[in-house]
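What follows is a short report on a single structure.
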2 protein chains.
Amino acid sequence: MRHEVPEAAQRPTVSSVAVHAGVSRQTVSNALNNPERLQPDTLKRVLAAIEETGYVRSAAARQMRTARSGVIAYRLDPVRDGIGGAVLDTFLHALTAEAERRDYRVALYTADSDEAELRQFASLTQTRAADAFVLVGTHRNDLRYRWLTEHGVPYSVFGRPWSEQGTAAQPTHAWIDVDGAAGTAQATQHLLDLGHRNIAFVGWPAGSETGDERRRGWDEAMAAAGVTAAERHALDSEQQDGILEGADAASRLLATGATAFVCASDSLAVGAFSAVRAAGERAAVVGFDDTPTAAALGLSSVRQPLDSAAAWALASVLDQLDGRPPRERDARLLLPQLVVRESSQPPMSTR
Amino acid sequence: MRHEVPEAAQRPTVSSVAVHAGVSRQTVSNALNNPERLQPDTLKRVLAAIEETGYVRSAAARQMRTARSGVIAYRLDPVRDGIGGAVLDTFLHALTAEAERRDYRVALYTADSDEAELRQFASLTQTRAADAFVLVGTHRNDLRYRWLTEHGVPYSVFGRPWSEQGTAAQPTHAWIDVDGAAGTAQATQHLLDLGHRNIAFVGWPAGSETGDERRRGWDEAMAAAGVTAAERHALDSEQQDGILEGADAASRLLATGATAFVCASDSLAVGAFSAVRAAGERAAVVGFDDTPTAAALGLSSVRQPLDSAAAWALASVLDQLDGRPPRERDARLLLPQLVVRESSQPPMSTR
DNA sequence: AAACGTCATTTGATTGATCAAATCGGGGAA
DNA sequence: TTCCCCGATTTGATCAATCAAATGACGTTT
């Protein structure tokens, strides 16, 4: 008594749609991939049939023939720091949304070392589970670029190509990044315009590329405003990223007469902000990354254009996939935008 | 003079490996999928050939025949709150890692409404770009369960099946969640054991399932310790999630004699903690979710077993995919674990 | 009017792996 | 010795789409 239930009415295929529309399967395929090859009325008829049958191309069959999976892979790192991590979260969300817009998908993988990641590259590309990679978290002597380049796998990078040790060669890969110095410079200028002069920098220990760059923006803006090197040195501070660290630094700097703070991250800024409030001061604080936390606290912060960065990163790998020439960029770096909130309002001369 | 450059030495296939090993293609396939069907020495020989040629199964061809993509889809939401979001981040990371372990992949999609998500379901399942879904962020009258069930798509849910309005029916879908009440009860008990009695609850406005549950854990533990309803009422507080809100609430409660705080989230706890410190008090604070921020600040917090939750959620959808019976669970809910840090050390009787 | 070119559409072949059914080679029983 | 069975392995067919080449129709040129 085998009475197989017709599970789900057989999914439509090119052929079934073709029958429905009274054309051949290839014509259906063309309607979707090369509509200009069809006569307008045929096209209309086929599209109508597709619509009626609810036909959707099978990803697998498509991939098989085209050797494309339509998938971009992205490494998901474990959560490190609730605040800092938000940047990459936002980037990933933007990347996913942008990929959807262009009919691609983002798939995740994990890896806890460069070597492990190379293994993932191999597995993902060999099975053709992914067509391209978008990398973040670049570092010196990154093994990944070379592997991908050697294996002819398209990729783009969100992050500066920190020059390989000893190599003076220009990086040849596609990358995009945000101009951190411009961000802190903008923040500093904003505070200068408000009349501040003793603007301190709450930054990370020297040695990290990103951190050094953010410090430079503050330093240059200060120098341009006529603040001497000695003064700047006294207003500079270095500590690990963190709320407590930011609070400590701000307390110290407040004591030396700082009236405003430019911070290398929102974590530091949250700390600095709370220290300022705790001390009953009105010093202005500006953070970096415009995390939701900063927004919630009313903290001014430098916002990275992550949507643009994600869109560019994706466009770049798609260009590579389709064999288009590398896309030109107006500027080497994207300019961040300062979002002004209560934490850096014009200092009201209370009393 | 056609002299095609052998682009990339033709990727090995079952057939090429078969030739290499001196067997047929099906034998190679069996070596990977049904090794028990092969004679030990044949198996060894084939595996060696696979190793030598560096063969990896093409995902596309595989999917085509098996009608499985090996992909689990997950909705990535925009970052809302740097601290709270970390929970789902951690869950996603755990899910991805677990999927890798089981030879599956996690792909992302976005949607800003239930309706948009249903459209994604349709597209992802029809193209067979995903085999199953892992859902989070459940809410009342969730349209998603019904769609997926009706379309026979396997899915599992991280989050309580908040009963549909008006339906008394038991939820039939696979879900897992963490027992929030047990978490706050544990935190409360910990503080009671330390000798605290005026333990306040810094929670969200009544009405959210998660929030009410966390409040209940505290309330029941307090009641069990003999604290009267009136006293409990005075120690309870409701506010939106946020650092500032937590600080405000804690300040108020401190004034009424609270000596310890159980908080519904780490955001609130961070605020409460800073308020306590600002007031120069030694009141204990316990947060919820054990975010990296809490760890960094030395804040005790209730840790959700997200790895287990992710593993279970994945195991469940894989069971459904493979037609295995639903997996039994020891308990309906996973028990969270209190992580004790400096913020709730035994109160030293300073002075 | 025959030959040609062009554009629209169709047919044939292919992608790589797996399912299903066929084949092969040894034992063991009759 | 012959027949049968059984496990190990091979062959044939298929999944759904796309590429490449063939066909057909129609207007133009000589």
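Proteins come first, then strands; the chains are lettered A, B, ... in the order of their sequence lines, and each starts at number 1.
Heavy-atom contacts from other residues, nucleotides or ligands closer than 6.0 Å to CZ of B:Arg324 number more than 12.
For A:Val23 and A:Arg65, each mapped to the nucleotide of DNA chain C holding its nearest heavy atom, the one lying further toward the 5' end belongs to A:Val23. Each of A:Arg62 and B:Asp41 was matched to the nucleotide of DNA chain D holding its nearest heavy atom; the match closer to the 5' end belongs to B:Asp41.
Whole-Å rounding puts the A:Leu43 CG to C:dT9 C1' distance at 13 Å. Computed from coordinates, the A:Asn34 CG to C:dT9 P distance equals 13 Å when rounded to whole Å. One atom, CG of A:Asn33, and another, C1' of D:dA17, lie 9 Å apart when rounded to the nearest Å. Between the CD atom of A:Gln26 and the C1' atom of D:dT23 there is a distance of 14 Å, given to the nearest Å. Going from atom CD of A:Gln39 over to atom C1' of D:dC26 covers 11 Å, rounded to whole Å. Between the CD atom of B:Glu36 and the C1' atom of D:dG7 there is a distance of 13 Å, rounded to whole Å. Between the CG atom of A:Leu38 and the P atom of D:dA25 there is a distance of 18 Å, rounded to whole Å. The separation between A:Arg128 atom CZ and C:dA17 atom P is 10 Å, rounded to whole Å.
Of the possible donor and acceptor atoms, none in the side chain of A:Asn34 sits under 3.5 Å from a partner among the backbone N and O of A:Glu36. In terms of modelled atom types and a separation under 3.5 Å, the side chain of A:Thr149 and the main chain of A:Tyr145 share a donor-acceptor contact. Listed for the B:Thr53 side chain is a donor-acceptor partner under 3.5 Å among the backbone atoms of B:Ala49. Of the possible polar contacts, one joining the B:Thr96 side chain to the B:Leu92 backbone as a donor-acceptor pair under 3.5 Å is found.
Note on A:Thr27: a side-chain N or O is less than 4.0 Å away from OP1 or OP2 of C:dT10. For the OP1/OP2 pair of C:dT18 and a distance below 4.0 Å, the side-chain nitrogens and oxygens of B:Ser29 include at least one atom meeting the criterion. When the side-chain nitrogen and oxygen atoms of A:Arg25 are compared with OP1 and OP2 of C:dT10, none of them lie within a distance under 4.0 Å. Note on A:Arg11: every side-chain N or O is 4.0 Å or more away from OP1 and OP2 of D:dC15. For D:dT9, one of the phosphate oxygens OP1 or OP2 lies less than 4.0 angstrom from a side-chain nitrogen or oxygen of B:Thr42. Regarding contacts with the backbone of C:dA8, every side-chain N or O of A:Asn30 stays at 4.0 angstrom or more from both OP1 and OP2.
The aromatic rings of B:Phe133 and B:Phe121 lie perpendicular to each other, with more than 60° between the two planes, well past the 30° mark.
In this structure, B:Ser58 reaches the sugar-phosphate backbone alone: every heavy-atom distance under 4.0 Å involves primed, P, OP1 or OP2 atoms, never a base. Nucleic acid contact class of A:Thr13 (heavy atoms, under 4.0 Å, all strands): sugar-phosphate only. Nucleic acid contact class of A:Val56 (heavy atoms, under 4.0 Å, all strands): sugar-phosphate only. As judged by a 4.0 angstrom heavy-atom cut-off over every strand, B:Ser15 is placed among residues making no nucleic acid contact.
Here the side chain of A:Met64 is nearest to one of C:dT15, D:dT9, C:dT9, namely C:dT15.
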